[in-house]
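Only one structure is covered here, and it is reproduced in the block below.
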Amino acid sequence: MRLDRFDLNLLVALDALLEERNVTRASKRLHIGQSAMSGSLARLREYFGDELLVPLGRNMVLTAFALGLVEPVHNTLLHARSTISRKLAFEPATAERRILVAASDYVSTVLLAKVVSQLAALAPGVVLDIRSPMQDVFDRFDRGNIDLLIMPEQYLAQSGSPRIKLFEDTHACVVWSGNHMVGDSMTFDEYMGLGHVTVHFSDERNTLYEEWFVPRYGKQRRVELSVDNFGVVPLVIMGTQRVGTLHRKQAEHFARYLPLRLLDTPFEMPPVVEAMTWPEHLNDDPAILWLKDLLIQCAQP
């Protein structure tokens, strides 16, 4: 199909080339041969009268003209895909849809598990693809590769997309039930005297918790073990004299199944506010609207 002499079949190839900046990677992304992608690039160069991709050392870079195409081409495809997949009405019982949700294992434990249970009864054909937020989560979100993103509200401010608050949570200290170093309550000095299990999601030395804790209290906790998700903390605390600091909802969940004790934190911590956001091109998507309402309902205490 052509529009103003432009072959619309080339639009998807153009988007892949602009994003990947490499013919081989773009061809793999679209599951076509490298020669076919090279042919598409040649036709695009002829149409625009611009090289679009030029070699720089061992890499390829976009020309100034191509850089100006990145956002409008990508947004055009996002809106086109949204329009094509949209139906006049969304019938949960018969709908078939895969929705990618980026959320931490904490959110999966205290909220998404309820949502998945509801989906099984109300919309069995709606499949949630739940992924932990990766370092480039906002880039993926901006490219339309994530349908719903759930994170602490302060981190979503940078996205600029619409967002809705889901729930608040406080914090609790978690220890093994056989921990003889901790009584029914804990002082700040006792807390600092224990070995700690902490959570971090990158290769950085300090965790976000440490970045918040140290400037306020002027002390560094003795971290004896680091893990990359919240759900592992209760498991590695059992049988030790260590302590973990978790969101209370998740701590209460694990305490129902494991020999753990929960104590109040011996210092003030601001509550965490979890919110969800979605790309603007999905604002009117009936399936997303329905799922957002379900998330809000399941987030109620």
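Residue numbers run from 1 in the order of the sequence given.
Put simply, the residue from Leu262, Leu263, Leu260 that forms a side-chain contact (heavy atoms from CB on, under 4.5 Å) with Val175 is Leu263. The only option from Val174, Val236, Leu225 that meets the side-chain contact (heavy atoms from CB on, under 4.5 Å) definition with Arg242 turns out to be Leu225.
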Taking it one step at a time, do Trp290 and Arg97 satisfy side-chain contact (heavy atoms from CB on, under 4.5 Å)?
-> CA-CA 12 Å; Trp290 182 84; Arg97 179 79 175 268; over 6 Å; no
Asn145 and Asp139: side-chain contact (heavy atoms from CB on, under 4.5 Å), yes or no, with the steps?
-> CA-CA 9 Å; Asn145 296 333; Asp139 289 336; over 6 Å; no
Report the C-alpha separation of Asp129 and Val101 in whole Å, then their side-chain angles, then the decisive distance to 0.1 Å, and conclude whether the side-chain contact (heavy atoms from CB on, under 4.5 Å) test is met.
-> CA-CA 6 Å; Asp129 185 354; Val101 180; over 6 Å; no
Can you check side-chain contact (heavy atoms from CB on, under 4.5 Å) on Leu17 and Leu52, steps first, answer last?
-> CA-CA 9 Å; Leu17 287 165; Leu52 301 178; over 6 Å; no
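Phe167 and Ala299 make their closest contact through CB-O, 4.1 Å (heavy atoms, listed as atom of the first residue, atom of the second, distance). The two residues Gly33 and Ser27 come nearest to each other via the heavy atoms O-CB, 3.8 Å. Considering every non-hydrogen atom in both Pro259 and Met238, the closest pair reads CD-SD, 3.5 Å. Contact record, His253 with Thr109: CD2-CG2, 3.4 Å, taken as the closest heavy-atom pair. Scanning both residues, Ala13 and Met37, for their nearest heavy atoms gives CB-SD, 4.1 Å. In this structure, Arg261 and Ser177 approach most closely via the heavy-atom pair NE-O, 3.8 Å.
Side-chain N or O atoms of Arg45 include one that pairs as donor or acceptor with a backbone N or O of Glu51 at under 3.5 Å. The backbone N or O of Val23 sits nowhere less than 3.5 Å from a side-chain atom of Gln34 that would complete a donor-acceptor pair. Without hydrogens or angle criteria, Asn283 side chain to Glu280 main chain gives a donor-acceptor distance under 3.5 Å. No donor-acceptor pair closer than 3.5 Å links the side chain of Arg222 to the backbone N or O of His196. The closest donor-acceptor contact from the side chain of Thr277 to the backbone of Pro162 lies under 3.5 Å. Although no hydrogens or angles enter the test, the distance criterion places no donor-acceptor pair under 3.5 Å between the side chain of Arg221 and the main chain of Tyr191. Using modelled atom types, no side-chain atom of Asn229 and backbone atom of Asp105 make a donor-acceptor pair closer than 3.5 Å. A donor-acceptor distance shorter than 3.5 angstrom exists from the side chain of Asp147 to the backbone of Leu100, with no hydrogens or angles considered. Judged by distance alone, the side chain of Arg29 and the main-chain N or O of Glu19 form no donor-acceptor pair under 3.5 Å. Although no hydrogens or angles enter the test, the distance criterion places a donor-acceptor pair under 3.5 Å between the side chain of Asn22 and the main chain of Arg25.
For the pair Leu128 and Leu291, the minimum side-chain heavy-atom distance is below 4.5 Å. Val61 places none of its side-chain heavy atoms less than 4.5 Å from the side chain of Leu53. In this structure, Leu148 and Leu295 have side chains that are in contact, with non-hydrogen atoms separated by less than 4.5 Å. Side-chain atoms of Tyr106 and Glu274, non-hydrogen and from C-beta on, do get closer than 4.5 Å to each other. In this structure, Pro92 and Leu294 have side chains that are not in contact, with every pair of non-hydrogen atoms separated by 4.5 Å or more. Side chains of Thr245 and Met269 form a contact here, defined as non-hydrogen atoms less than 4.5 Å apart. A heavy-atom distance below 4.5 Å is not found between the side chains of Val137 and Tyr155. Taking the side chain as every heavy atom from C-beta outward, Leu112 and Ile130 approach each other to under 4.5 Å.
Under the 4.5 Å side-chain heavy-atom criterion for grouping Ile, Leu, Val, Met, Phe, Trp and Tyr, Val127 is not connected to Ile146 through any hydrophobic cluster. Following chains of ILVMFWY side-chain contacts shorter than 4.5 Å, one can reach Leu258 starting from Leu246, so the two form part of one hydrophobic cluster. Note on Leu122 and Val126: same hydrophobic cluster, where clusters join Ile, Leu, Val, Met, Phe, Trp and Tyr whose side-chain heavy atoms are under 4.5 Å apart, directly or indirectly. In the hydrophobic cluster analysis, where Ile, Leu, Val, Met, Phe, Trp and Tyr join through side-chain heavy atoms closer than 4.5 angstrom, Val273 is grouped apart from Ile150. There is no path of hydrophobic side-chain contacts, each under 4.5 Å, that joins Val70 to Val54.
Here Arg140 contributes atom CZ and Leu149 contributes atom CG; the two are 12.5 Å apart, rounded to the nearest 0.5 Å. With values rounded to the nearest 0.5 angstrom, Leu156 atom CG is found 11.0 Å from Met276 atom CE. Interatomic distance, CZ of Arg131 versus OG of Ser104, reported as 15.5 Å (0.5 Å rounding). Note that OG1 of Thr265 and NE2 of His171 are 8.0 Å apart. Values are rounded to the nearest 0.5 Å. Atom CG in Leu41 sits 10.0 Å away from atom CG in Leu10 (nearest 0.5 Å). Taken to the nearest 0.5 Å, the CG atom of Leu14 stands 6.0 Å off from the CG atom of Leu69.
The 12-atom threshold is exceeded at NZ of Lys292, counting heavy atoms of other residues, nucleotides or ligands nearer than 6.0 Å. Open room surrounds CD on Glu268; 12 or fewer heavy atoms of other groups in view lie less than 6.0 Å from it.
Using cut-offs of 30° and 60° on the angle between ring planes, the pair His247 and Phe230 is perpendicular.
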